**Q** 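Below you will find the structure I want to go over with you.
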Protein chains: 2
Amino acid sequence: MKKAPADTREKILATADQLIYQNGIYATSMDLLVKTSGVSRKSIYRYFITKDDMAEAVLKVRDIRWMYWFRTECDKGGTPQDRILNMFTVLKGWFESEGFRGCAFINTAGEVGDPDDPVRQIAKLHKKKLLDYIFELTEQLSTEQPFLLAKQLLVLVEGAITMARVMGDYSAAGSAREVAQLLLKQASR
Amino acid sequence: MKKAPADTREKILATADQLIYQNGIYATSMDLLVKTSGVSRKSIYRYFITKDDMAEAVLKVRDIRWMYWFRTECDKGGTPQDRILNMFTVLKGWFESEGFRGCAFINTAGEVGDPDDPVRQIAKLHKKKLLDYIFELTEQLSTEQPFLLAKQLLVLVEGAITMARVMGDYSAAGSAREVAQLLLKQASR
DNA sequence: TCCATGGTAGAACGATCGTTCTCCTCGATC
DNA sequence: GATCGAGGAGAACGATCGTTCTACCATGGA
């Protein structure tokens, strides 16, 4: 059975995603990617023009996959309030999962200095999507300024992720959750 | 007048600090450092065993300098409450300052995958110092659990910095400040 | 049967990396 | 005045980077 053309591309993306998430873009050499994925150099360059092009594709896929996963997990909560608080429980589970290395997009922003770099745009867009999702939730609350609340909640989410990554303090998810609880109480008055 | 031996070392550190902060450790080549600083390769390697060794020194100096600056700026507030809220005003000023590129230590955590790497330890310690400072402030409040409050405030600080860096949203400092205000109101009851 | 296609293996290119080296200059100290 | 150490300019080393190339293999449709 001949492999479908898309299979090779996906194997490249899946392997590169793991390598980039674990070690970063710079530390992921094409040589390492070839050896780890079992895909030849020629095939890699058939599907991607350059390494940067491939890194972009990897991050775009991760953006979609992560957002879908996060949304699905959080939406298991019943009320909008539950879903909002659920975000921080989901984060805690993520922190404690094997191979957790923080947010790939925050890491990318740390790696790539130029704010106009394509991968930085992807990172920016990713956080924008996250803000949009939180805004969807706060809109369902009977609060006066749901967008301001969404931004405040995003600060909590980003803070927890950053503390987990830099300090290794996974309890930051709990701290953020406590604050979120207070915010919700305040918003419902 | 012959230059004091320490002058060359400090020139290396000052130049490397700027380059690393702007572009990251990987993107800062020794070649670029030589050209930018005007210090010869030989002199650099006289004061630092390796590039990694130099990067460590750079981050250690920045840790001390940033903490001193942040502390001094925040302490201009009068009451402990003022100082705590002042943190976010100071952050906003930092975000809007020329050449702002986020927190060098969060960036380092994004660049260096290995959590046991020496530079990652420096980053971790830096955030620990920041937590200690915030704890000093919350201890002066008549609240029951000053350490928990300090951790919550640190989540807000890290969240604001991360949003400023990744999204370019400097208003995150204001969002974090609003939440901090609510936390203080809650703590003083 | 032939041939286009997608794949692997691996050599090879030029560029750049961190690091070391040689050769030269200058200024302070004995 | 001789000596020594700090520093500068730049060549050079081996390693590794991203990228391209050649050679060969396997498959499926005309």
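Everything quoted here is computed from the prediction, not taken from an experiment. Letters go in sequence order (proteins before strands), and every chain restarts at 1.
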**Q** Strictly below 4.0 Å: does B:Ser40 bring a side-chain N or O up to OP1 or OP2 of D:dG7?
**A** no
**Q** For B:Met54 and C:dG18, what is the distance between atoms CE and P respectively, to the nearest whole Å?
**A** 9 Å
**Q** How many angstroms lie between atom CD of B:Gln81 and atom CG of B:Leu184, to the nearest 0.5 angstrom?
**A** 6.0 Å
**Q** Is there a donor-acceptor contact under 3.5 Å from the side chain of B:Arg41 to the main chain of B:Val34?
**A** no
**Q** Answer yes or no: is there an ion pair linking B:Arg65 with B:Asp17, defined by an N-O contact shorter than 4.0 Å?
**A** yes
**Q** Pull out every residue in residues 22-37 of chain A that has a heavy atom closer than 4.0 Å to any atom of DNA chain D, ordered by number, or say none.
**A** A:Thr28, A:Ser29, A:Met30
**Q** Cut-off 3.5 Å, side chains only: do B:Thr8 and B:Ser43 have a donor facing an acceptor?
**A** no
**Q** Rounding to an integer number of Å, can you tell me how far B:Phe48 CZ sits from D:dG7 C1'?
**A** 15 Å
**Q** Would you say B:Lys51 reaches C:dG18's phosphate, i.e. side-chain N/O to OP1/OP2 under 4.0 Å?
**A** yes
**Q** If you check the B:Tyr45 side chain, which of D:dG18, C:dT20, D:dG7 turns out closest?
**A** C:dT20
**Q** Look only at the side chain of A:Ser171 and the backbone of A:Gly174, and say whether a donor-acceptor pair between them is shorter than 3.5 Å.
**A** no
**Q** Measure CG/A:Asp7 against P/D:dT27 and give the value in whole Å, please.
**A** 15 Å
**Q** Using only side-chain N and O atoms of A:Arg41, determine if any of them is under 4.0 Å from OP1 or OP2 of D:dT20.
**A** no
**Q** Looking only at side-chain N and O atoms, does B:Tyr47 come under 4.0 Å of OP1 or OP2 in D:dG7?
**A** yes
**Q** A:Ser43 side chain N/O closer than 4.0 Å to the phosphate oxygens (OP1, OP2) of C:dT8?
**A** yes
**Q** Can you tell me if B:Lys124 has over 12 outside heavy atoms packed within less than 6.0 Å of its NZ?
**A** no
**Q** For the pair made of CZ in A:Arg46 and C1' in C:dT8, what is the distance, rounded to whole Å?
**A** 11 Å
**Q** Report whether A:Leu19 and A:Val39 are members of the same hydrophobic cluster (ILVMFWY, side-chain heavy atoms less than 4.5 Å apart, transitive linking).
**A** yes
**Q** Salt bridge check: are B:Arg120 and B:Asp116 linked by an N-O gap of less than 4.0 Å?
**A** no
**Q** Between B:Asp52 and B:Lys42, which residue's closest nucleotide on DNA chain C lies nearer the 5′ terminus?
**A** B:Asp52
**Q** With sequence neighbours left out, write down each residue that passes salt bridge (Lys or Arg N to Asp or Glu O under 4.0 Å) with B:Arg83, or none if nothing qualifies.
**A** B:Asp75
**Q** May I have the distance from A:Glu10 (atom CD) to C:dG7 (atom C1'), rounded to whole angstrom?
**A** 17 Å
**Q** What residues from residues 111-122 of chain A pass a heavy-atom cutoff of under 4.0 Å to DNA chain D?
**A** none
